[in-house]
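Since the structure comes first, as structure tokens, the remarks are kept for the end.
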Amino acid sequence: MRIGLLTESGGPYASGEARGWRDRLVCGLTGHEFEVYALARDTAREPLPDGRIRTVHTAPLYGELPDEHRWWPGGVRPRGGRRGAAAGAGRRERRRFAQHFADLTAAFCGAPGEPSGPAADAADAGDASARGAGRKSAADAGAGRQADRFASGLYGLADLARATGALPELLRSETAVRVLEAACRASGAVAAARAAQVSDLLALTEALETALRPLSLDWYGDGPGGQHDGMPGGRYGTGRGLAGADLCHVTCGGPAALAGLLAKRFCSTPLLVTEYGVRLREHYLARAAAPLSAPVHALLAAFEGALATETYRSADLITPGSTRIRRWQERCGAPRDRLRTVYPGMDAGPFAAVPDAAADGTKTLVWVGTVAPEKDLIGLLHAFAQVRAAEPDATLRIIGSPGDDPEAPAYLAHCRALAAQLFPDEAADAVTVGDNPVSFEEIGDPGLPRPADAYEAGSVLVLSSVVGGFPRTLVEAMFCGRATVSTDVGAVCEVIGGTGLVVPPRNPRALAEACTALLGDPDRRARLGAAARARALELFTVEQNIAAFRGIYLELMSQIPVCHAERDVDGAPRLFARTAESHLPGQWSATGPSSAPQERGHTPSWARPPAGPDHAGPRVPAGMARTRGGGDA
């Protein structure tokens with residue numbers, strides 16, 4: 001099976017773990033052929049895991065789209081490149097663009113319609129229950145109309161991109177600004193749209209050109225210089241690009257999912273969407289931190305929400321990484337019958353050799369992660385001050401380095417100063433050098449060469465975050481058989497499942513009481529650690545993840561048995577155009593009591609190969625079966 005992996009790499013929303021999971025998936029599913037299509041900050045070639053990825057196609061997500069990554073009609077680049085393409089977009093193409101772009105912008109700039117018809121009649125009659133049901137049904141109907149209009153504009157722009165190759169220039173043109181302004185000033189537009197100024201409209205059109213960039217890429221068929229009949233209703237004779245893929249697997253939402261939507265829409269390629277983070281929430285947070293005005297931020301958030309809704313509506317199957325992510329997807333319109341939770345796969349091998357926690361009374365708390373303000377190390381230090389009051393021999397090891405957050409180094413320095421203030425160096429007598437019960441370390445230090453050493457160094461793992469997603473460090477501690485104390489954020493409760501203690505975030509007192517309870521009860525720590533290890537090995541291993549996707553791939557292909565090269569006169573795929581028997585050698589004969597034996601060496605007319613270069617063996621009609629030695633097959 002040929003799988004097209006659609007992802008982002010090197011962007012602000014990409015993470016190293018997403019790429020690690022992709023590599024583990026590719027290396028585990030050895031029976032399939034993978035091609036990676038990545039939107040990246042730069043187009044440098046990525047290293048391929050064990051050579052199992054056939055090719056890697058990259059396109060820049062930022063800046064101007066280079067000519068070599070663009071789709072050109074007929075596979076021929078016009079003279080002058082982008083300027084030639086823009087000049088080739090005549091008045092008719094500009095009118096088409098204005099119509100489709102108006103549908104797209106009106107869908108996320110406007111508000112759902114008011115109740116009408118029976119719903120409005122019930123509301124006028126004063127029936128409270130009917131009025132509430134009418135408002136809900138009207139809101140659902142309005143959201144459905146908005147989603148349909150967004151899809152109409154989106155795929156209309158895709159058609160235009162394949163016909164002219166000038167979509168990026170049109171999205172940056174004065175026509176786009178005027179259409180967007182009309183949508184923002186229209187009746188029913190949201191307040192943020194009505195407040196948009198000219199500078200906001202310019203910034204928004206530029207951001208939309210970047211977000212809609214996959215519509216103009218050359219990923220869907222032959223590249224420049226090749227022969228192509230065009231995507232909508234066309235036929236891909238060579239099977240290159242996503243048009244020749246048996247399955248599109250989107251490993252994140254956002255712009256990367258657009259390529260999968262086009263392959264689904266125009267090539268009938270099954271679409272699988274996997275999200276191991278709340279992608280829409282990540283976009284909201286990133287936009288909020290960006291130097292954008294309130295109208296631009298609100299309208300881009302509305303666009304991202306509409307794109308997520310269309311992605312979930314079109315996907316054949318959606319695999320969230322946790323129940324928390326599943327709830328977000330359901331709120332964005334994902335059908336429940338297409339949702340299936342698949343936990344991220346993590347390699348348990350490096351942690352298999354970690355011994356059980358010592359039962360000799362050692363009382364060491366360990367925190368592992370990336371130092372950032374949302375980890376709430378300040379709250380952890382205040383909680384540890386209460387732990388020391390109850391357990392004077394307790395120690396705390398904070399193992400981690402600052403992340404990409406610009407505030408992380410200053411935050412780490414503040415935590416060090418607070419630890420020195422809360423816990424002055426203690427000494428046994430007047431001549432002994434004092435020691436602080438809190439230590440700050442990093443993986444790779446002389447005493448901690450490997451990540452597994454960090455968990456081996458403590459008897460209880462503490463997670464003190466105030467926000468979070470899927471807790472990787474928690475799972476790694478569970479692999480090591482460690483008891484855990486965690487704050488209730490992200491997917492913590494789902495991962496723990498009763499094998500650890502969970503407390504509210506931003507509550508140092510509750511955190512201290514839970515840590516004190518485990519430090520004073522070695523038997524309880526051992527029981528919880530053993531249960532945590534068994535749960536992690538059952539649910540969160542690489543083998544479990546790979547087995548789940550192996551079954552999902554086969555399930556999707558069994559539901560859509562399409563041969564892309566076989567299409568009827570209307571352009572629709574011909575199901576089962578080539579039977580399985582047509583690939584087997586030997587003679588064929590009719591079965592049944594009325595079948596007459598064939599003369600030796602004579603090939604019946606129905607078994608003779610038809611003329612044409614696409615022949616792949618004899619085609620067997622209904623009622624025919626292969627015979628060997630006079631017996632039925």
Side-chain angles (χ1 to χ4, degrees), residues 1-7 18 21-37 52-54 239 242-253 256-257 259-276 279 308 310-323 325-330 332-346 470 494 538-567 572-580 583:
M1 189 185 304
R2 182 177 171 188
I3 311 296
L5 285 177
L6 306 172
T7 184
W21 165 79
R22 182 201 73 184
D23 292 347
R24 291 192 296 269
L25 181 71
V26 170
C27 294
L29 297 177
T30 56
H32 302 294
E33 186 180 79
F34 290 86
E35 289 187 357
V36 174
Y37 297 82
R52 298 187 188 276
I53 294 181
R54 182 182 179 185
L242 290 174
D246 297 307
L247 174 69
C248 284
H249 189 172
V250 180
T251 61
C252 60
L261 289 176
L262 265 61
K264 168 75 175 180
R265 173 83 174 187
F266 298 126
C267 310
S268 302
T269 305
L271 178 61
L272 171 64
V273 177
T274 297
E275 287 186 318
Y276 284 135
R279 181 55 180 231
E310 177 60 22
T311 300
Y312 299 147
R313 289 203 318 169
S314 301
D316 293 277
L317 191 64
I318 307 165
T319 55
S322 65
T323 304
I325 300 173
R326 180 177 182 140
R327 289 196 295 266
W328 271 79
Q329 293 172 339
E330 288 182 357
C332 292
R336 289 190 176 184
D337 58 341
R338 300 185 207 165
L339 287 167
R340 188 178 307 173
T341 302
V342 179
Y343 295 116
M346 298 175 58
F470 187 84
E494 187 176 358
E538 179 184 2
L539 297 178
F540 308 121
T541 61
V542 175
E543 293 75 16
Q544 170 269 337
N545 185 269
I546 292 175
F549 280 108
R550 179 182 289 111
I552 287 172
Y553 284 178
L554 296 178
E555 175 186 343
L556 290 178
M557 289 307 301
S558 67
Q559 296 174 359
I560 310 177
V562 175
C563 180
H564 291 277
E566 296 287 348
R567 295 180 180 267
R574 293 176 56 190
L575 303 183
F576 303 105
R578 298 181 182 179
T579 62
H583 299 280

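Checked by atom type and distance alone, the side chain of R24 pairs as donor or acceptor with a backbone atom of G345 at under 3.5 Å. Checking side-chain atoms of E494 against main-chain N and O of S322 turns up no donor-acceptor pair under 3.5 Å. A donor-acceptor pair under 3.5 Å links the side-chain atoms of R338 to the main chain of A315, judged by distance alone. Remark: the backbone N or O of G321 is not paired with any side-chain donor or acceptor of T341 at under 3.5 angstrom.
The two residues L6 and C248 make their nearest non-hydrogen contact at CD1-CB, 4.3 Å. For the pair L271 and G260, the tightest heavy-atom approach, listed with the atom from each and the gap, is CD1-CA, 3.8 Å. The shortest heavy-atom contact between I325 and Y276 is CD1-C, 3.5 Å. For the pair P270 and D316, the tightest heavy-atom approach, listed with the atom from each and the gap, is CA-OD2, 3.3 Å. Nearest heavy atoms, P320 versus Q329: CB-OE1, 3.3 Å.
Between T274 and V342 the shortest side-chain heavy-atom distance does not fall below 4.5 Å. For the pair Q544 and E538, the minimum side-chain heavy-atom distance is 4.5 Å or more. Side-chain atoms of I318 and R326, non-hydrogen and from C-beta on, never get closer than 4.5 Å to each other.
Ionic pairing of E310 and R265 is not present here: no N-O contact between side-chain nitrogen and carboxylate oxygen is shorter than 4.0 angstrom.
Between Y343 and F470, the ring planes lie tilted relative to each other; the angle falls in the 30° to 60° range.
Between H249 and Y553, the ring centre distance stays below 6.0 Å.
For the atom pair CG of L247 and OG1 of T269, the computed distance is 8.5 Å after rounding to the nearest 0.5 Å. Note: F34 CZ to L25 CG = 5.0 Å, rounded to the nearest 0.5 Å. Note that CG of L5 is 10.0 Å distant from OH of Y37, once rounded to the nearest 0.5 Å. Atom CD of E543 and atom CZ of R550 lie 10.5 Å apart (nearest 0.5 Å).
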Stepwise, does the side-chain contact (heavy atoms from CB on, under 4.5 Å) test hold for L262 with L242?
CA-CA 9 Å; L262 265 61; L242 290 174; over 6 Å; no
Candidate pair T311 and V250, rule side-chain contact (heavy atoms from CB on, under 4.5 Å), full reasoning:
CA-CA 10 Å; T311 300; V250 180; 5.8 Å; no
